[in-house]
Amino acid sequence: MKLDDKLYLVRFNTDKQNHIKIADNDVCLKCQDKPCTRVCPAHVYDWDEEETRISVGYEGCLECGTCRIACPTNNILWQYPRGGFGVSWKNG
Ligand code: SF4
Ligand code: SF4
């Protein structure tokens, strides 16, 4: 089974409250490789060329923690979703 097929099987109880924030957009401007846009299996991070900032689609976060390690400047403020929210079911 391909990763995208596995991800399709994950179910979420989406919170309206964002559990991922970028601490300082100016730091991202200077970040050469923007590893957050490459390491996240759920493609939560995307570079918005028009707004010159990282956009965060927190709703699809799989709570794996990879982005926290990959950001070279600890510029990602990440916490688990509130109790009862986030990933609710995994199969794969
Ligand atoms: S890896 Fe960190 S500093 Fe670099 S673009 Fe992503 S959030 Fe910003
Ligand atoms: S915790 Fe994992 S799935 Fe969630 S945003 Fe970070 S890398 Fe992506």
Side-chain angles (χ1 to χ4, degrees):
M1 190 184 272
K2 291 180 185 169
L3 178 62
D4 283 346
D5 294 332
K6 288 185 176 183
L7 292 177
Y8 182 73
L9 296 173
V10 180
R11 295 289 175 264
F12 300 90
N13 186 14
T14 305
D15 194 355
K16 286 181 183 161
Q17 193 170 300
N18 188 347
H19 67 284
I20 307 171
K21 290 190 173 67
I22 302 297
D24 186 345
N25 285 322
D26 289 343
V27 173
C28 296
L29 274 173
K30 294 175 201 151
C31 180
Q32 290 282 323
D33 299 333
K34 300 183 178 31
C36 61
T37 63
R38 288 183 286 109
V39 300
C40 174
H43 310 294
V44 164
Y45 303 95
D46 197 19
W47 177 250
D48 187 328
E49 196 64 57
E50 211 165 281
E51 303 221 359
T52 57
R53 65 174 177 83
I54 293 284
S55 68
V56 181
Y58 73 95
E59 298 92 338
C61 175
L62 298 166
E63 302 168 30
C64 69
T66 307
C67 55
R68 304 172 72 188
I69 297 164
C71 176
T73 54
N74 292 324
N75 199 31
I76 295 172
L77 304 177
W78 191 99
Q79 56 188 354
Y80 278 107
R82 294 186 297 166
F85 292 102
V87 174
S88 62
W89 188 71
K90 292 184 203 177
N91 183 21

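Read the numbers this way: they start at 1 and go in the same order the structure lists the ligands and their atoms.
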Closest approach of P41 to L7 (non-hydrogen atoms, all atoms of both residues): O-CD1, 3.3 Å

task: Report the nearest protein non-hydrogen atom to atom 2 (Fe) of ligand 2: residue, atom name, distance rounded to 0.1 Å.
output: C64 SG, 2.3 Å

- prompt: Going by heavy atoms, is A70 under 4.0 Å from ligand 1?
  reply: no

query: For the side chain of N75 and the backbone of D24, is there at least one donor-acceptor N/O pair under 3.5 Å apart?
result: yes

- line: For I54, the ligand 1 atoms with a heavy-atom partner under 4.0 Å come out as 5 (S)

- prompt: Any idea which protein heavy atom is nearest atom 8 (Fe) of ligand 2, and the distance to it?
  reply: C40 SG, 2.3 Å

- line: For L62, the ligand 2 atoms with a heavy-atom partner under 4.0 Å come out as 3 (S), 4 (Fe)

Taking every non-hydrogen atom, the tightest pair across C31 and P72: SG-CG, 4.4 Å

task: Among all protein heavy atoms, pick the one closest to atom 6 (Fe) of ligand 2 and tell me residue, atom and distance.
output: C67 SG, 2.3 Å

- prompt: Has C36 got an N, O or S atom lying less than 2.8 Å from atom 6 (Fe) of ligand 1?
  reply: yes

- request: For P35, take its heavy atoms, then give the atoms of ligand 1 lying under 4.0 Å from any of them.
  value: 1 (S)

task: Please write down residue, atom name and distance for the protein heavy atom closest to atom 3 (S) of ligand 1.
output: T73 OG1, 3.4 Å

message: Please check: side-chain N/O of N13 versus main-chain N/O of G84, any donor-acceptor pairing under 3.5 Å?
response: yes

- prompt: Which atoms of ligand 1 sit under 4.0 Å from any heavy atom of P72?
  reply: 1 (S)

Close approach, Y58 and ligand 2, non-hydrogen under 4.0 angstrom: no

- request: With heavy atoms only and a cut-off of under 4.0 Å, state how C28 meets ligand 1: side chain, backbone, both or neither.
  value: both

field: Which segment of T37 sits under 4.0 Å of ligand 1 when only heavy atoms are counted
entry: neither

Where C61 and F12 come nearest, the two heavy atoms and their spacing: O-CE2, 3.2 Å

message: Please check this pair: side chain of Y58 against backbone of D15, looking for a donor-acceptor N/O pair closer than 3.5 Å.
response: yes

message: Among all protein heavy atoms in this structure, tell me which lies nearest to atom 1 (S) of ligand 2, with the distance rounded to 0.1 Å.
response: G65 N, 3.1 Å

- prompt: For ligand 1, is any non-hydrogen atom under 4.0 Å from D33's backbone (N, CA, C, O), its side chain (CB onward), both, or neither?
  reply: neither

message: For atom 4 (Fe) of ligand 1, what's the nearest protein heavy-atom neighbour? Residue, atom name and distance, please.
response: C31 SG, 2.4 Å

field: Donor-acceptor pair, side chain of D33 and main chain of P35, under 3.5 angstrom
entry: no

message: Between W47 and Y45 (judged by ring centroids, cut-off 6.0 Å), do the two rings come close enough to count as a pair?
response: no

field: Which residue and heavy atom of the protein sit nearest atom 5 (S) of ligand 2, plus the separation
entry: Y45 CE1, 3.6 Å

query: Heavy-atom distance under 4.5 Å between the side chains of I54 and D48, does that happen here?
result: no

message: Minimum heavy-atom separation for N74 and R68, please, with both atom names.
response: OD1-O, 4.2 Å

query: Are the side chain of E63 and the backbone N or O of V87 linked by a donor-acceptor pair below 3.5 Å?
result: yes

query: With a cut-off of 2.8 Å, does any N, O or S atom of C61 fall short of it relative to atom 6 (Fe) of ligand 2?
result: no

